[in-house]
Protein chains: 2
Amino acid sequence: MSCLIFGLYANLGFIFGQNSKRIYTTLSNAYPMQEITGLELSPKKVEYLKFLFKKGDLVRTTDISSQLGVDPSTSTKTIGDLAESGYVEHIPYRGVRLTEIGQQYAEFMVNRHNILSLMLSHYGLSSEEACEEASRFEAFVSKSAVDSICKSMGHPTMSVCGKIKHVSCGIP
Amino acid sequence: MSCLIFGLYANLGFIFGQNSKRIYTTLSNAYPMQEITGLELSPKKVEYLKFLFKKGDLVRTTDISSQLGVDPSTSTKTIGDLAESGYVEHIPYRGVRLTEIGQQYAEFMVNRHNILSLMLSHYGLSSEEACEEASRFEAFVSKSAVDSICKSMGHPTMSVCGKIKHVSCGIP
DNA sequence: CAAATAGTTTGGAATCTATACAAACAATGA
DNA sequence: TCATTGTTTGTATAGATTCCAAACTATTTG
């Protein structure tokens with residue numbers, strides 16, 4: 001049921017600001033993914049996280065800015081926000097990488113995108129349309145809804161725009 | 001194909017601001033609904049339009065503010081925006097009503113909501129969950145996607161949160 | 001009919017998000 | 001080491017949404 005990634009979630013109460021209420025003090029306990037609504041980040045920030053996830057390891061702010069079509073100063077600022085929220089670590093003049101939490105969160109972002117795209121493709125949208133459409137609204141679709149959809153589709157492992165992982169289900 | 005309401009669309013190029021390119025000069029010609037992307041309004045403004053549509057005729061700004069949980073001054077301001085964009089007519093100290101275009105647009109907003117809710121309910125979400133979820137992201141789902149989904153579902157006339165109309169299909 | 005009351009709008013201000021430009025700064029390679 | 005390239009900081013703008021307090025209008029009541 002609570003299926004997509006996020007087997008563990010920790011130590012980030014303070015990070016999600018107004019969106020979360022509790023503070024967790026350990027990093028290794030398995031918390032139910034209820035702790036994440038999936039609505040913590042703005043569409044733009046979701047884009048950043050998905051890009052970082054796909055790019056992997058240390059990513060230059062300039063790569064981000066050119067990819068997302070914004071000024072380098074803009075990406076630096078936004079990365080600053082994400083760092084403040086604990087999703088990324090920023091080494092000035094060197095690059096950005098996802099924190100452990102950021103990695104998990106980003107994986108959910110990517111899975112959500114893929115699941116929603118796959119869903120839309122079942123309604124006659126082309127892969128490109130489905131992907132584009134999902135990108136527009138995915139930031140506003142809750143984790144719980146995504147879980148329902150995923151389950152209902154039989155936990156697919158492939159979407160029109162990439163693989164889907166089901167970490168806590170044991171399905172790669 | 002191009003199915004939900006909006007058999008005609010007119011005279012509002014200037015109104016949709018940066019989102020539309022052309023200006024139409026007649027009000028009674030039938031334009032394909034391509035003219036509307038469905039992405040013209042923010043989620044909040046979509047809420048306003050849906051509420052006005054359901055309430056019908058002249059609605060007091062205070063009704064809106066209490067319904068949407070904002071200060072009366074806020075609803076007055078937002079209604080001002082919608083009036084400027086041509087969706088509503090505001091008679092100060094009296095009330096607000098949808099313009100002809102606003103009426104058509106609002107009907108699309110309601111249909112979109114209902115179609116998306118129905119879709120979600122097919123994935124195991126309860127009526128309430130589906131409705132709530134749809135409300136969160138519907139403003140970012142394009143008319144063309146909604147049309148595909150609607151068609152793919154066989155142009156249903158009933159959703160989990162209300163009737164669905166298919167004006168240009170001749171289905172009530 | 002005029003005044004009190006209830007309802008509505010305006011003006012001002014704050015916040016949040018996203019953005020770019022220019023200037024300062026850091027890293028790297030010649 | 002210094003010039004070039006890449007990155008960050010500081011400043012500023014814009015749009016969306018919000019509320020508060022003050023001004024205003026309409027309606028009810030005496």
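Quick note on labels: first sequence line is chain A, next is B, and so on, each numbered from 1. These figures come from a predicted structure and were not determined experimentally.
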Shortest non-hydrogen pair, S142(A) vs E133(B), comes out as N-OE2, 2.6 Å
Nearest heavy-atom neighbours spanning R112(B) and G38(B): NH1-O, 2.7 Å
E138(B)/S135(B) under side chain to side chain donor-acceptor pair (under 3.5 Å): CA gap, chis, key distance, verdict: CA-CA 6 Å; E138(B) 62 192 18; S135(B) 299; 4.7 Å; no
Do [X] and [Y] come close enough that some side-chain heavy atom pair is under 4.5 Å?
| X | Y | answer |
| --- | --- | --- |
| V146(A) | F108(A) | yes |
| H90(A) | T76(A) | yes |
| Y105(B) | E40(B) | yes |

In whole Å, what is the span from the [atom1] atom of [X] to the [atom2] atom of [N]?
| X | N | atom1 | atom2 | value |
| --- | --- | --- | --- | --- |
| D63(B) | dA6(C) | CG | P | 18 Å |
| Y48(B) | dT18(D) | OH | P | 6 Å |
| L39(B) | dA16(D) | CG | C1' | 17 Å |
| H90(B) | dT25(D) | NE2 | C1' | 12 Å |
| L58(A) | dA27(C) | CG | P | 13 Å |
| I91(A) | dC25(C) | CD1 | C1' | 18 Å |
| L41(B) | dG15(D) | CG | C1' | 15 Å |
| L82(B) | dG15(D) | CG | C1' | 15 Å |

Identify, between K77(B) and R60(B), the residue whose nearest nucleotide on DNA chain D lies closer to the 5' end. K77(B)
Look at [X] and [N] and indicate whether a side-chain polar atom (N or O) is within less than 4.0 Å of OP1 or OP2.
| X | N | result |
| --- | --- | --- |
| T78(A) | dA18(C) | no |
| K45(A) | dT17(C) | no |
| S42(A) | dA18(C) | yes |

Ignoring hydrogens and angles, does a donor from either the side chain of K44(B) or the base of dG15(D) sit under 3.5 Å from an acceptor on the other? no
Can you tell me which nucleotide in dG6(D), dT9(C), dA27(C) comes closest to the side chain of R94(A)? dA27(C)
For the rings on F137(B) and F137(A), is their centre-to-centre separation under 6.0 Å? yes
Does anything in residues 64-74 of chain A reach DNA chain C, meaning a heavy atom under 4.0 Å, and if so which residues? V70(A), D71(A), S73(A), T74(A)
